[in-house]
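One structure below.
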Amino acid sequence: AIEITANRLKGNGGFALVVSNSNAQALSPGLIANNFLFSSGNNATVNLTANDYQLFYHNSVFNSGSGNGLAFTGNGRTGNEIVNNILAASAGLTIDADFVAGLATVDYNNLYNTGANLAQYGATNVADLAAWQAISGYDTNGFSIDPQYVSATDLHANSPLIADAGISLTQVSTDIDGEPRDATPSIGADEYMNNLPPLSGTYAIGSGGDYPTIESAIDALRIAGVSGPVVLNLAAGTYNEQVEIGAIPNSTETNTITIQSSNGNAADVVWDFAPSASGMNYTLLLNNTAHIILRELTLSTGGTSFSTVLEARNRIEEVLIESCTIQGYQSSSTSTERIAVEISATQLSDLSIVGTQVSGGSTGLYIKSNGSKGENVNVTNNTINDAYSNGIAVDDIDGIVLQNNEVVSVTPTQSGFRAINVNDCDNAIEITANRLKGNGGFALVVSNSNAQALSPGLIANNFLFSSGNNATV
């Protein structure tokens with residue numbers, strides 16, 4: 001019965017902890033508990049390989065690099081348990097579980113990352129907690145919440161949502177600091193109290209409001225989560241902020257987060273930022289975001305070489321952008337750093353952009369699914385002006401709906417311009433009632449998009465104009 005407890009291990013570019021070929025007995029298992037386990041490289045922070053009866057309890061794990069949090073391989077082994085742990089990563093997976101017959105119990109863990117997929121079960125990547133639960137049967141009492149570590153290397157957690165969310169384990173009566181465990185303990189190595197209630201209702205944003213800035217309101221949502229629908233009413237004024245919105249704990253189809261102008265006038269609320277570097281090139285970033293509504297706002301950029309206004313990446317689900325004004329940089333370049341709205345997600349579903357005006361950018365509106373095909377994407381009643389190479393560009397979205405949009409190019413002489421450019425969008429796409437002026441370029445390009453005989457795509461009732469040497473359509 002080995003015991004690895006209350007250690008603070010920094011593997012940096014390597015591993016924090018490797019346990020292999022270490023076999024205990026059912027009545028006298030090994031214990032790996034109450035450890036802070038950090039690394040920052042391509043390897044998994046923790047590697048558990050070919051062990052019997054090892055109890056991995058109440059650990060806090062974080063990989064800030066591209067590696068996974070925990071790699072488990074249980075080929076021919078038995079009796080291992082993974083319970084009450086925080087398994088966190090940046091770009092990597094939270095857990096990669098292979099030869100899972102060696103796992104007896106996996107539950108009450110908090111799996112959180114900002115990468116494309118949450119975990120891997122056998123050879124199958126899984127996108128989120130629900131998919132992990134469905135394929136594995138594990139973590140029926142699990143969570144997927146930002147643990148709010150003090151820092152990348154100080155793994156004391158602060159999220160109130162996992163402060164009292166674990167299950168009592170007789171083998172672990174204290175935490176990493178020697179403090180007693182509660183009857184309903186905190187998940188992870190540190191025992192702490194829940195001091196923040198979740199948000200629900202309407203909040204005023206701006207000077208004298210409930211939150212002085214947009215970022216402070218988003219921080220509160222990220223830390224405390226929600227218990228009902230939340231509306232953030234932005235007072236009239238200019239907000240010079242760069243904000244990232246990630247996963248909001250307990251947000252659902254019902255418990256949505258709406259960010260909107262308090263008086264219903266987009267021109268009165270200007271949200272602006274001047275990015276200066278690739279990788280941080282946005283005013284607003286949606287990253288692993290779901291159940292968000294942006295309504296009646298003006299979002300703009302003060303950047304030139306780097307001038308994306310709104311970017312969405314990784315897992316994006318149930319996002320509505322409605323009646324907004326998005327002002328990109330007036331570009332004479334095809335640079336991808338100058339796209340006004342760039343939605344480039346690994347998993348994309350239920351996105352609607354409605355009644356919004358987008359101006360400028362190398363491309364005005366770019367929508368692409370980089371992993372599985374995107375679905376349920378609707379772009380309706382929008383105006384796209386003065387983009388340089390594409391008004392609306394869509395790639396790898398099944399059944400895309402582009403309806404009643406007006407697109408005009410930046411200049412009549414830009415021969416490569418495409419008012420709408422659709423590529424590799426299968427199933428029954430719908431491109432209807434649009435007014436497209438390609439001027440010196442193309443009004444409409446549709447390529448590599450395959451439907452079925454019984455469910456064909458529809459391109460109908462469009463005004464399609466150009467004035468150059470290229471075909472209009």
Side-chain angles (χ1 to χ4, degrees), residues 111-118 126-134 143-146 161 198-203 214 217-218 221-222 224-232 243-260 282 284-297 299 310-324 326 341-356 365-382 392 394-403 425 427 430:
L111 313 181
Y112 178 80
N113 73 347
T114 54
N117 290 289
L118 183 69
V126 292
D128 53 27
L129 180 63
W132 169 251
Q133 292 167 330
F143 298 84
S144 185
I145 292 165
D146 186 348
L161 299 175
L199 279 69
S200 180
T202 300
Y203 299 86
I214 302 169
I218 298 303
L221 287 165
R222 179 171 52 89
V226 301
S227 59
V230 169
V231 177
L232 304 181
V243 176
E244 175 179 346
I245 302 177
I248 304 300
N250 295 336
S251 65
T252 65
E253 293 180 10
T254 302
N255 293 347
T256 57
I257 295 93
T258 301
I259 306 173
Q260 64 183 18
Y282 57 84
L284 171 61
L285 171 64
L286 305 180
N287 187 9
N288 288 310
T289 307
H291 319 302
I292 294 288
I293 299 169
L294 302 174
R295 179 178 288 136
E296 296 163 345
L297 304 169
L299 294 97
L310 190 157
E311 181 186 358
R313 64 174 77 145
N314 292 317
R315 304 184 294 270
I316 300 297
E317 179 184 1
E318 293 186 11
V319 171
L320 170 63
I321 302 169
E322 183 178 29
S323 302
C324 291
I326 299 175
V341 178
E342 181 179 6
I343 297 168
S344 185
T346 53
Q347 297 174 41
L348 176 62
S349 64
D350 300 294
L351 167 71
S352 294
I353 302 174
V354 179
T356 289
L365 174 59
Y366 177 74
I367 305 173
K368 178 177 173 60
S369 182
N370 292 309
S372 57
K373 291 274 191 177
E375 58 184 10
N376 296 330
V377 176
N378 292 273
V379 180
T380 306
N381 296 325
N382 303 288
I392 302 173
V394 182
D395 206 346
D396 288 302
I397 308 295
D398 279 355
I400 181 73
V401 175
L402 300 166
Q403 186 177 64
C425 293
N427 295 335
E430 182 179 334

- [ ] Indicate whether any N or O donor in one side chain lies under 3.5 Å from an N or O acceptor in the other, for Q347 and E317.
- [x] no
TODO: Say whether, by atom type as modelled, one donor and one acceptor occur between the side chain of S251 and the main chain of I248 under 3.5 angstrom.
DONE: yes
Task: Contact check, side chains of V341 and L299, non-hydrogen atoms, under 4.5 Å - done: no
TODO: Go through the structure and list residues passing salt bridge (Lys or Arg N to Asp or Glu O under 4.0 Å) with D395, not counting sequence neighbours.
DONE: K368
- [ ] Grab the two heavy atoms, one from P249 and one from I145, that are nearest each other, plus how far apart they are.
- [x] CG-CG2, 3.8 Å
Task: Pairwise distance CD1(I367) to CD1(I316) - rounded to 0.5 angstrom - done: 12.0 Å
Task: Separation between OG of S352 and CG of N381, rounded to the nearest 0.5 Å - done: 11.5 Å
Task: Worked check of side chain to side chain contact (heavy atoms under 4.5 Å, CB included) between E322 and L294 - done: CA-CA 6 Å; E322 183 178 29; L294 302 174; over 6 Å; no
Open item on the list: Please check this pair: side chain of N113 against backbone of N117, looking for a donor-acceptor N/O pair closer than 3.5 Å.
Closed with: yes
Task: Donor-acceptor under 3.5 Å (T356 side chain, C324 main chain) - done: yes
TODO: For residues T289 and G246, report the shortest heavy-atom separation together with the two atoms involved.
DONE: OG1-O, 3.8 Å
Task: Nearest-0.5 Å distance that lies between atom CD in Q133 and atom CG in D128 - done: 9.0 Å
Open item on the list: So which atom in T346 and which in A116 form the shortest heavy-atom distance, rounded to 0.1 Å?
Closed with: CG2-CB, 3.5 Å
TODO: Return the minimal non-hydrogen interatomic distance between L365 and I353, and the atom names on each side.
DONE: CD1-CD1, 3.6 Å
Task: Contact summary for S144 and L111, nearest pair of heavy atoms - done: OG-O, 2.7 Å
TODO: Can you sort out the partners of T114 under side-chain contact (heavy atoms from CB on, under 4.5 Å), two or more places apart, ordered by chain and number?
DONE: S90, Y112, N287, N288
Open item on the list: Please report the interatomic distance OG(S323) to CD(Q260), rounded to the nearest 0.5 Å.
Closed with: 10.5 Å
Task: Closest non-hydrogen atom pair, A217 against L232 - done: CB-CD1, 4.0 Å
Open item on the list: Is there a side chain to side chain contact (heavy atoms under 4.5 Å, CB included) between V377 and D350? Walk through the geometry before answering.
Closed with: CA-CA 6 Å; V377 176; D350 300 294; over 6 Å; no
- [ ] Please check if any side-chain donor atom of S344 sits under 3.5 Å from a side-chain acceptor atom of N370, or the reverse.
- [x] yes
Open item on the list: Could you walk me through whether L221 and I245 satisfy the side chain to side chain contact (heavy atoms under 4.5 Å, CB included) test, starting with their C-alpha distance in whole Å, then the side-chain angles of each, then the deciding distance to 0.1 Å, before giving a yes or no?
Closed with: CA-CA 9 Å; L221 287 165; I245 302 177; over 6 Å; no
Open item on the list: Before you tell me yes or no, could you show the steps for K373 and E375 under salt bridge (Lys or Arg N to Asp or Glu O under 4.0 Å), namely the whole-Å CA-CA distance, both residues' side-chain angles and the distance that decides it to 0.1 Å?
Closed with: CA-CA 7 Å; K373 291 274 191 177; E375 58 184 10; over 6 Å; no
- [ ] Kindly determine whether V230 and T256 satisfy side chain to side chain contact (heavy atoms under 4.5 Å, CB included), including the steps that lead there.
- [x] CA-CA 6 Å; V230 169; T256 57; over 6 Å; no
- [ ] May I ask you to test the E430-I400 pair for a side-chain heavy-atom distance under 4.5 Å?
- [x] no
Task: Contact check, side chains of R295 and T258, non-hydrogen atoms, under 4.5 Å - done: yes
Open item on the list: To the nearest 0.5 Å, what is the distance between OH on Y203 and CD1 on I257?
Closed with: 11.0 Å
Task: Atom pair CG (L351) and CD1 (I343), whose distance is rounded to the nearest 0.5 Å - done: 4.5 Å
Task: Test side chain to side chain contact (heavy atoms under 4.5 Å, CB included) applied to Y282 and L285, L284, L286, the passing residue - done: L285
